[in-house]
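Data block below; observations after.
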2 protein chains.
Amino acid sequence: MNRSNHRPRLYPLVSVDIALFGSDEQGLKVLLARRAREPAVSQWALPGGVLRPLEDAQLVDAARRVLRDKLAVSVPQIEQIRVFSGADRDPRGWSIAVLFAALVPREQVNAVVKTQVQAVEWFSLQELPPMAFDHAEQLSAALTKLRTRVESYVLPLHLMPERFTLTDLQRTCEAILGRTLDKSVFRRRLKGSTDIIELDEYQGGAQRPARFYRAREGFDFTG
Amino acid sequence: MNRSNHRPRLYPLVSVDIALFGSDEQGLKVLLARRAREPAVSQWALPGGVLRPLEDAQLVDAARRVLRDKLAVSVPQIEQIRVFSGADRDPRGWSIAVLFAALVPREQVNAVVKTQVQAVEWFSLQELPPMAFDHAEQLSAALTKLRTRVESYVLPLHLMPERFTLTDLQRTCEAILGRTLDKSVFRRRLKGSTDIIELDEYQGGAQRPARFYRAREGFDFTG
DNA sequence: GCAATAGTGTCTTTGAGACAGTATTGA
DNA sequence: TCAATACTGTCTCAAAGACACTATTGC
């Protein structure tokens, strides 16, 4: 390690990690990146980066910068989950990792992978690889928060494409929660919601057409 | 500022702040300290301190150290609330403040004040003074989380004395939520709870004696 | 007896859950 | 017509809310 990169022991390493969730026909997925550098080189990890106080106005801006520069993706909302800290979680020494979570709509899921220089990959929650540092615990914390939201019927609209059917939405919620939901109950609760807007467009197919909906402008999942 | 205290611009100032809640007959209170040093000297602020990586194994240990050294109080549980960050929130430059919250039982409320060298004081939520930095926002974030917990019937047992009556407990919950609760509903929900233990002791007075309860050993408010 | 507080019973309303039923398309 | 999926209706049950009622003490 050369001298200019040397970090005094009195200052912790501050970085941000991002649990980026997407969804496709197979269900909920999370984006992992294969680490290109030491430490933990070539291991899978949540995408992240070191804070740059001269560039980032806030920690969340560091998260946005990582998403933009490393993954070429922009998300409407980023949520702070929690902080992980300590002398042992990173071999470089005392460190702080602030975990953020975000949801990307289906259209952008493929964009992320393609524009990438590093090796990044979407993983099903059922088939997660071993992960570097404490990232397994981090992912678990992000998932718990996501599930708690959906459980209390905050809709994961940022995972949905621009237009979607109620069945699509239900499948997504089911993928997040890991259990099936009753169609009638699901729709009954949605009746009172102002977060989704009924469109006069219908999805074709070999059966009864389903009505399309869209998210209300300015919908806030992180609320 | 002397050279040995100089912090390179590339490393943010990392500190912990603590929202310490207590309760008495007048309701819920929060502990504020009058700042003894620049910046914001003599302004009211949440108690806090700068991280010491050589002493603190984790951020939460920094919070514990502040409670112990500055306030001479020990609490069973400390909960991480969220992180506040940015170049402008503290005049010393780019900073990170990790906010923690804790509840102290009634017996310790006076202990905190008395053993104190600094000026510290319990404030009612209705009579909060202007606060330094972004501490008003921090307190608001901690309160929101506390209320959400109590709303979903996680009992604030760490605020209660060793023995308490159900009416005491209800008053405390009401003080936190800022609204009255129905006695019958409150007690009905408590029937199913394993978190409080019925005692065979009763509170005297000029009316029907009330049964005492105590918290279950190992009860976890932060869940 | 009365005042004061502790504690219970009960009616109504709300919403979750389960599940059967109807509706609309293409083939 | 049938298969397939969209959508609705309805019954049951559990819990919330409101509020009246009974219980036990000191005076």
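Each chain gets a letter, A, B and so on, in the order the sequences are listed, and its residues count up from 1.
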- prompt: Which pair of non-hydrogen atoms, one from B:Phe100 and one from B:Ala63, has the smallest distance, and what is that distance?
  reply: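 Nearest pair, atom of B:Phe100 first, then B:Ala63: CD1-CB, 3.8 Å.
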message: Side-chain N or O of A:Arg189 versus OP1/OP2 of C:dA16: is the shortest distance under 4.0 Å?
response: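 True: A:Arg189 side-chain N/O within range (under 4.0 Å) of C:dA16 OP1/OP2.
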Could you tell me how far apart [X] ([atom1]) and [N] ([atom2]) are, to the nearest whole angstrom?
X        : N      : atom1 : atom2 : answer
A:Glu151 : C:dG15 : CD    : P     : 18 Å
A:Tyr213 : D:dA6  : OH    : P     : 12 Å
B:Leu177 : D:dA16 : CG    : C1'   : 15 Å
A:Leu169 : D:dA6  : CG    : P     : 13 Å
A:Phe212 : D:dT5  : CZ    : P     : 16 Å
B:Arg187 : D:dA16 : CZ    : P     : 16 Å
B:Phe186 : C:dA6  : CZ    : P     : 12 Å
A:Lys183 : D:dA6  : NZ    : C1'   : 6 Å

message: Would the base of C:dG9 count as contacting B:Arg188 through its side chain, where contact means a donor and an acceptor less than 3.5 Å apart?
response: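 Result: no qualifying N/O pair found.
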Check: C:dG9 base within 3.5 Å donor-acceptor of B:Ser184 side chain: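 Indeed, a donor on one side and an acceptor on the other fall under 3.5 Å apart.
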- prompt: So which one's nearest nucleotide on DNA chain D is more toward 5', A:Asp182 or A:Pro209?
  reply: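 The residue whose closest nucleotide sits nearer the 5' end is A:Pro209.
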- request: Would you please say whether a donor-acceptor pair under 3.5 Å links the side chains of A:Arg68 and A:Ser74?
  value: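 No pair is found: no donor N or O on one side chain lies under 3.5 Å from an acceptor on the other.
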Any donor-acceptor N/O pair, [X] side chain to [Y] backbone, under 3.5 Å:
X        : Y        : answer
A:Gln170 : A:Phe186 : no
A:Ser124 : A:Gln126 : no
A:Asp182 : A:Val185 : yes

task: Step by step, work out the ring pair (Phe, Tyr, Trp, His ring centres under 6.0 Å) result for B:His158 and B:Phe21.
output: CA-CA 10 Å; B:His158 295 307; B:Phe21 294 106; over 10 Å; no
- prompt: Ion pair present between B:Glu201 and B:Arg214, side-chain N to carboxylate O less than 4.0 angstrom?
  reply: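 Looking at B:Arg214 together with B:Glu201, the answer is no, because their closest N to O distance does not fall below 4.0 Å.
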message: Can you list, in residue-number order, the parts of residues 196-208 of chain A that come under 4.0 Å of DNA chain C, counting heavy atoms only?
response: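 A:Gly205, A:Ala206, A:Gln207, A:Arg208 - these, ordered by number, are the residues of the stretch whose heavy atoms sit under 4.0 Å from the strand.
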query: Contact class for A:Thr165 (heavy atom, under 4.0 Å): base, sugar-phosphate, or nothing?
result: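 Counting heavy atoms under 4.0 Å across all strands, no contact is made by A:Thr165.
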